[in-house]
Amino acid sequence: MRLSTKGRYAVTAMMDLAIHEQDKPVTLAEISLCQGISLSYLEQLFAKLRKCGLVEGVRGPGGGYRLASPSDQITIAQVISAVDEEVDVKRCRGNEDCQHGERCLTHDLWDDLSKQLYEFLDGITLAMFANRPEVREVALRQDQMHRRHQQVLFKRPAA
């Protein structure tokens, strides 16, 4: 399987957006701080996510990023594909030249597994994953550790 840090970080960043975008657009600096992903790497990932129509930028004070579609309409497979990752366990990448330029003995097995992995990830939306209690618990711990909610509260205008 060719899922590198690029795909994992993209999914992590999109989960962060899905969990926090109700308050306001989320800055890459916030994601970087809370998720431990470098800001320059996030900028590269978000350029691809924006190009694929999964996120949109909000300019100006209080700006940042938000999901371009509701979180229940964005699948994990879409996020991974947007950053050029493949959910493919075959060595030949579908070229059927796995062994000395020919199809290998186990090609169909790895092809079936790749399809099932993609279908599994395509069946999970950001909302489905973000609403898991264990994910909410981690998000709350991260927010408290980085005082994220307090920062949001200080930036809101007085009523």
Side-chain angles (χ1 to χ4, degrees), residues 1-91 93 110 113-159:
M1 185 167 165
R2 300 185 189 279
L3 185 57
S4 68
T5 54
K6 187 168 43 173
R8 286 193 294 269
Y9 283 173
V11 171
T12 299
M14 290 293 282
M15 286 292 297
D16 196 290
L17 274 185
I19 291 169
H20 295 99
E21 73 165 359
Q22 301 89 346
D23 298 330
K24 62 177 183 67
V26 179
T27 66
L28 295 184
E30 288 175 301
I31 296 171
S32 175
L33 179 68
C34 290
Q35 303 306 328
I37 306 170
S38 82
L39 188 57
S40 62
Y41 202 67
L42 283 170
E43 289 169 347
Q44 294 172 29
L45 293 175
F46 272 70
K48 291 182 178 189
L49 293 168
R50 189 177 51 231
K51 186 176 178 183
C52 288
L54 296 180
V55 298
E56 56 189 21
V58 178
R59 294 176 183 238
Y65 281 93
R66 63 179 167 217
L67 300 177
S69 302
S71 61
D72 63 351
Q73 295 177 14
I74 300 174
T75 69
I76 303 300
Q78 286 177 301
V79 175
I80 291 170
S81 296
V83 295
D84 304 326
E85 288 286 295
E86 294 180 11
V87 183
D88 189 353
V89 297
K90 300 180 303 274
R91 285 189 306 174
R93 297 184 176 194
W110 307 130
L113 179 59
S114 298
K115 289 175 184 169
Q116 288 190 19
L117 280 171
Y118 186 85
E119 287 173 11
F120 171 74
L121 295 172
D122 202 40
I124 302 172
T125 66
L126 293 174
M128 290 167 64
F129 201 69
N131 288 326
R132 288 183 175 187
E134 60 272 14
V135 172
R136 288 284 179 187
E137 189 175 309
V138 170
L140 180 61
R141 176 178 44 87
Q142 290 176 337
D143 289 346
Q144 289 171 342
M145 183 183 310
H146 299 288
R147 300 174 185 211
R148 197 177 209 173
H149 286 302
Q150 292 171 355
Q151 290 175 348
V152 170
L153 289 176
F154 289 129
K155 290 182 179 179
R156 288 186 179 155

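Along the sequence shown, residues carry numbers from 1. The analysis underlying the following values was restricted to heavy atoms, covering all of them including side chains, and did not include hydrogens, waters or symmetry mates.
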For Q44, all residues meeting side-chain contact (heavy atoms from CB on, under 4.5 Å), sequence neighbours excluded: Y41
Test item: I37 and S32 side chains (from C-beta on) under 4.5 Å apart, heavy atoms: no
Side chain to side chain, V135 and I19, heavy atoms closer than 4.5 Å: yes
Qualifying residues under salt bridge (Lys or Arg N to Asp or Glu O under 4.0 Å), relative to D122, sequence neighbours excluded: none
Set of side chain to side chain donor-acceptor pair (under 3.5 Å) partners for Q142, sequence neighbours left out: Q35
Closest heavy-atom pair and its distance - L49, A82: CD2-CB, 3.9 Å
Spacing of K6 atom NZ and L45 atom CG [to the nearest 0.5 Å]: 8.0 Å
Side-chain donor-acceptor pairs under 3.5 Å in residues 51-73, sequence neighbours left out?
unit_1: E56; atom_1: OE2; unit_2: R66; atom_2: NE; d: 3.1
unit_1: Y65; atom_1: OH; unit_2: R50; atom_2: NH1; d: 2.7

Close side-chain approach of I31 and F46, heavy atoms under 4.5 Å: yes
Under-4.0 Å salt bridge between K24 and E30: yes
L42 versus A13, closest heavy-atom pair with distance: CD2-CB, 3.9 Å
Nearest heavy-atom neighbours spanning D88 and K90: OD1-N, 2.9 Å
Closest non-hydrogen atom pair, I124 against F129: CG2-CB, 4.2 Å
Spacing of CD belonging to Q78 relative to OG1 belonging to T125, to within rounding of 0.5 Å: 10.0 Å
Residue pairs passing the ring pair (Phe, Tyr, Trp, His ring centres under 6.0 Å) test where at least one lies in residues 70-89, sequence neighbours excluded: none
Sequence neighbours excluded - side-chain hydrogen bond (donor to acceptor under 3.5 Å, both in side chains) pairs with any residue from residues 126-135: N131-R136
Heavy-atom pair of closest approach, residues W110 and V89: O-CG2, 3.3 Å
Flag side-chain contact, heavy atom, 4.5 Å: C34 against D16: yes
All salt bridge (Lys or Arg N to Asp or Glu O under 4.0 Å) counterparts of E119, not counting sequence neighbours: none
Partners passing side-chain contact (heavy atoms from CB on, under 4.5 Å) against K115 (at least two apart in sequence or in another chain): D111
Results of side chain to side chain donor-acceptor pair (under 3.5 Å) for S81 - residues two or more places apart only: none
From CE (M15) to CG (L126), nearest 0.5 Å: 6.5 Å
